Amino acid sequence: MSGEQFLSTSERTFVVNALREGIRVDGRGAYEFRGLSIELGGGGFGSAEVLLGKTRVLANVSAEVVRPTANSAEGFVLFNTSFSPMASPAFEAGRLTEEEVLVSRMLEKAVRRSRAIDTEGLCIVAGEKVWSIRVDIHVLDHEGNILDCACIAAISALLHFRRPDVTVEGDQVTIHPMDERNPIPLSIHHIPICISFGFFDKGERVVVDPTHLEEQVQDGDFIVVVNTHRELCTMSKAGGAGLDVARIVQCTEVAAAKAAEVTELIRGALTKSNEIKK
Amino acid sequence: MAIVTPGERLGLNGEFIASHGTVEIGDHIYAAVVGTVTTTPSESDGERLIIQVVPKSKRNMAASIPEVSSIVTGKVLRVNPRMATLSIMVVGETPCADNFQGVIRVQDVRATERDKVQIYNSFRPGDIVRAEVISLGDSRSYYLSTAKNELGVILATSPAGATMIPISWEEMVCPKTKVVENRKCAKPVDA
Amino acid sequence: MKSDVVSPEGFRCDGRRPNELRRFNCDMGTASGGYAGSGADGAAYVEQGNTRCLVLVFGPKEPSMRSAVLHDRATLSVEFNIASFSSGERKTKLRKDKRLLEMASIIKSTFESVILMSSFPRSEITIQIQILQFDGGSLHTAVNATTLALMNAGIPMEDYVVACSAGFGNGHPILDVNYTEEGMDVPVISLGITPRSGKVILLNLESRLHLDEFEKVVTLARDGCTQMHEILDTAVRSSAEALAR
C-alpha cells in the first residue's frame with residue numbers, strides 16, 4: 001500500500017451515506033457500467049485497448065509455434081499481466097502485488113479453464129508442433145475495476161486476433177506469412193465477460209463496476225464471469241461482508257444481463273473494425 | 001458448566017458488559033472463543049454483570065511479557081565488548097510463551113566502576129543470568145541491567161562440564177578442576 | 001466412454017447418494033500431543049473422505065516482517081501447501097505456484113473478516129495449511145480445518161466458518177464433490193458460511209455451470225454447510241470437555 005493515498009473518514013461516510021439514499025458518487029445507477037470504449041487493431045491483429053470510465057487496459061495477442069507437453073495435441077493459452085507503475089502510485093515495477101495475482105488468476109480461470117478457446121484447434125502436428133497463444137495485458141490507468149476492463153480487453157483481443165495459416169503435407173509443415181494467405185481467426189467457443197460487484201453497508205447495498213474510490217470503501221466484493229448462453233464460468237467471493245444466498249442469486253441475474261450488454265458492445269466494435277479493413 | 005463455542009449468543013448488551021472472550025454485535029453479546037461462561041458483578045455499573053468466556057486451553061492467553069522493573073531470567077547467547085545478548089525465558093516466576101531478546105550494555109553490568117567493566121569477565125555464552133528490565137528498548141530487544149547485588153549470573157557451566165560455585169561477587173570456581181573464572185555473580189538469596 | 005456421475009439407481013461413483021457428505025473425522029489439540037515442538041499455538045487435523053488436511057496456527061506473536069505491522073489490528077499471513085505425495089502422481093511443487101498463492105489469499109480474506117483482528121494490535125497470526133492427501137474439496141476442507149485450529153489456539157472469532165462443496169452432474173445437484181467427480185467435468189461450487197447469520201462469506205466456482213441450475217446447487221451447498229456446522233460443533237465441544245478432565 002506504499003504510495004497509495006489514504007482515504008479520510010469523511011470521504012468514506014460520504015460514499016456510504018450517498019448509497020443509502022440510492023445515489024452513487026459519480027451519478028450512476030447501482031447497476032450501471034461506466035462508459036465503455038473498445039479500440040481494436042491499434043497494434044495490428046489481436047490488439048485491443050479498452051477504456052472503462054477512466055480505467056485503461058491494453059491487451060496484445062501473439063502466437064508462436066512450440067513443442068507441446070508430452071504427447072498432447074493441444075495448444076497453449078498463456079496470460080501475462082503487468083501492472084504498470086504509471087497506472088497508480090500503488091504499483092511498483094517488478095513487484096507482484098496480491099491484486100495482480102488475483103487478476104491474472106481470474107483471467108486464466110475465466111478464459112482458459114472455461115474452455116473459451118478451442119485448444120485442440122491450435123494443434124499443428126500432434127506431439128510435435130502446437131500454437132502457443134500469449135495474451136499480454138498492460139494496465140495503463142487504474143480508476144477502479146481493473147479486472148472487468150482487463151477481461152474485456154483480453155477477450156476482444158483474442159476475438160480480433162488472426163494467426164498465420166499452416167499447411168501440413170506429410171512431414172512438411174509450412175507456415176504461410178500473413179500477406180501470402182489470409183490469416184485465420186482463433187476458434188472461440190463462448191465469450192466470458194467478467195462483472196465485479198461491490199458491497200456496502202454490511203451487504204445491504206450492491207453496485208456494479210466500482211470506481212477506485214468505491215473499491216477502497218467497500219465492505220466486500222463479488223466477481224461473476226458469465227457468457228451470453230447464461231452459463232456461469234467463474235465466481236469468486238472471499239471474505240468481506242457476508243451475503244444472503246438470495247442476494248447472490250439476484251447478482252448473478254444482474255451479471256447475466258450486463259454480460260449480454262457488454263458482449264453486444266464487443267461485437268459492435270469487431271464489426272466496425274472489420275468494416276474499416278474492407 | 002456448559003461449554004460455549006464461537007458464535008453462540010450469550011445475552012443482550014442491556015444485561016451484560018462484554019469482557020474477555022466475547023464480542024458485541026448489534027444488541028447481543030456472543031462468545032468468541034471456546035470455553036465456559038462466567039458472570040461477575042460490575043463495580044462501576046450496578047445493573048449489568050460482566051460476562052466472560054474463560055478458555056479451557058492449558059495455554060495461558062495472558063502469557064507473561066517483560067515490563068519495566070520486572071525481574072527476568074535468561075540465557076546469554078553471545079557477548080561482544082559493548083554488550084551481552086540474552087534470550088529471556090522467564091519473567092518473575094512464569095515462563096514466557098515465546099523467548100524475547102534482551103541486551104545488557106557494558107555500563108549496566110554493575111553499579112561501581114562502570115567504565116572498567118570487561119564483558120568477558122562478567123558473562124560468558126551459556127550462562128543463566130537474572131536481570132532487571134530497565135527499558136522496553138528498540139524494536140529488537142529489551143534493555144536489561146544487573147547493577148544490583150542480587151542480579152547477575154546464577155548458573156554457569158565450567159569447560160569441564162560441572163556447575164560452577166560462586167565464591168565472591170566476581171569469581172566462580174569449578175568444583176572438578178578448581179579453576180577460578182570471572183563472572184558477575186548474583187548474591188545467593190538466604191534460604 | 002463417459003460414465004454417469006449419478007447412476008440411474010441414484011448412487012455416485014463412491015456409493016454415496018447425491019446429498020450425502022463424505023465421512024468426516026477430525027482431531028483438535030494435536031498441538032499438545034504431536035506438534036508442541038513446532039511451537040504451534042493451535043492445530044487441527046481434518047479428514048473428509050480421503051482428503052486430509054493439517055492446519056497449524058501460530059500467534060498472536062511478534063510480526064516477522066516489521067514493515068507489515070498495523071497499529072490497530074493484527075496481520076494475518078496464510079501459507080497453503082500441497083504435499084508432493086498427496087495425489088495419485090508425485091508432483092514436485094513449483095515455488096510460488098500462483099494457484100497456491102491464490103488459495104492462500106482466498107483463505108486469508110475469508111478469515112480476516114471473522115477473526116476479531118482488533119484484539120491484537122501490532123501482532124501477527126500465521127496459518128499454515130498442509131494438504132496431506134488430496135481427493136477433491138481441498139479448499140473447503142482447509143477452511144474447516146482452519147476454523148478448528150483457530151479455536152484450538154484460542155483466537156477469538158465472531159463465528160465459525162464452515163465450508164462445503166456442491167456440484168452438478170447428470171441433472172442432479174451433488175454434495176461434497178470428490179476428485180473423480182471433479183475429473184468428470186462436474187462444475188463445483190465451494191461455499192463457506194457463518195452459521196449464526198447463515199450468510200455466505202466464501203464462494204468459489206471455477207468451471208461452467210448454467211445459471212438456471214445455480215440456485216439449486218448453491219442451496220444444496222448451504223445445507224451441506226449447516227450439516228458440517230453440527231459435526232464441527234460436536235467435535236469442538238467434545239475436545240474442550242476432554243481437555244477439562
Side-chain angles (χ1 to χ4, degrees), chain A residues 1-2 79 81 96-110 112-116 189-190 192 199 202-203 219-257 259, chain C residues 67-68 70 76 78 96-115 139 143 158-159 161 168 185 187-223 225:
Chain A
M1 281 271 263
S2 59
F79 287 88
T81 43
L96 200 68
T97 55
E98 219 174 279
E99 197 183 347
E100 215 173 313
V101 171
L102 286 173
V103 168
S104 79
R105 278 290 303 158
M106 248 357 231
L107 282 173
E108 277 183 23
K109 283 195 279 193
R112 194 166 51 169
R113 271 209 68 168
S114 69
R115 316 259 182 84
H189 293 307
H190 65 99
F199 289 95
K202 296 201 181 66
D219 279 339
D221 62 7
F222 179 44
I223 303 166
V224 182
V225 178
V226 66
N227 64 23
T228 41
H229 304 296
R230 283 172 64 84
E231 282 176 322
L232 294 163
C233 306
T234 315
M235 276 169 71
S236 175
K237 172 173 176 50
L243 299 171
D244 295 318
V245 172
R247 172 75 81 182
I248 290 180
V249 175
Q250 181 199 25
C251 285
T252 52
E253 291 289 340
V254 171
Chain C
S67 51
L70 291 168
L76 189 63
V78 178
K96 300 282 183 193
D97 185 5
K98 271 197 188 156
R99 182 159 169 73
L100 296 176
L101 286 177
E102 189 199 5
M103 295 280 249
S105 172
I106 290 176
I107 294 196
K108 177 178 152 160
S109 309
T110 306
F111 281 95
E112 256 175 1
S113 45
V114 173
I115 296 175
L139 179 60
V143 169
E158 267 181 25
D159 198 354
V161 180
F168 194 77
D185 259 349
V188 180
I189 293 183
S190 297
L191 192 77
I193 65 168
T194 44
R196 174 173 51 78
S197 57
K199 292 203 175 175
V200 173
I201 212 161
L202 167 70
L203 195 148
N204 204 39
L205 168 70
E206 290 183 6
S207 24
R208 278 189 291 174
L209 173 65
H210 202 275
L211 197 58
D212 297 336
E213 320 292 354
F214 174 67
E215 192 168 356
K216 276 185 267 177
V217 179
V218 97
T219 314
L220 180 61
R222 208 254 311 267
D223 294 339
C225 288

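Proteins come first, then strands; the chains are lettered A, B, ... in the order of their sequence lines, and each starts at number 1. Note that the structure is predicted; figures quoted are calculated from it, not measured.
Chain A forms the most heavy-atom pairs under 4.5 Å with one residue out of P187(C), S207(C), G198(C), and that residue is S207(C). Between chain A and the options L191(C), D212(C), N204(C), heavy-atom pairs under 4.5 Å are most frequent for N204(C). Top candidate by heavy-atom pairs under 4.5 Å with chain A, chosen from I106(C), V218(C), V161(C), is I106(C).
A salt bridge does not link E213(C) with R230(A): none of the charged nitrogens is closer than 4.0 Å to a carboxylate oxygen.
Contact annotation for L243(A): both backbone and side-chain heavy atoms come within less than 4.5 Å of a heavy atom of chain C. In this structure, the portion of A241(A) lying under 4.5 Å from any heavy atom of chain C is its backbone and not its side chain. Contact of E112(C) with chain A is not made at all, since no heavy-atom distance falls under 4.5 Å. With a threshold of 4.5 angstrom between heavy atoms, H229(A) approaches chain C through N, CA, C or O but not through any side-chain atom.
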Test side-chain contact (heavy atoms from CB on, under 4.5 Å) on L139(C) and I107(C); report intermediate values, then the result. CA-CA 8 Å; L139(C) 179 60; I107(C) 294 196; 4.1 Å; yes
Test side-chain contact (heavy atoms from CB on, under 4.5 Å) on R115(A) and D185(C); report intermediate values, then the result. CA-CA 12 Å; R115(A) 316 259 182 84; D185(C) 259 349; 3.7 Å; yes
Is there a side-chain contact (heavy atoms from CB on, under 4.5 Å) between R247(A) and K199(C) once you walk through the steps? CA-CA 10 Å; R247(A) 172 75 81 182; K199(C) 292 203 175 175; over 6 Å; no
Check against side-chain contact (heavy atoms from CB on, under 4.5 Å), L102(A) and E102(C): CA-CA 7 Å; L102(A) 286 173; E102(C) 189 199 5; 4.2 Å; yes
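Judged by distance alone, the side chain of K237(A) and the main-chain N or O of G239(A) form a donor-acceptor pair under 3.5 Å.
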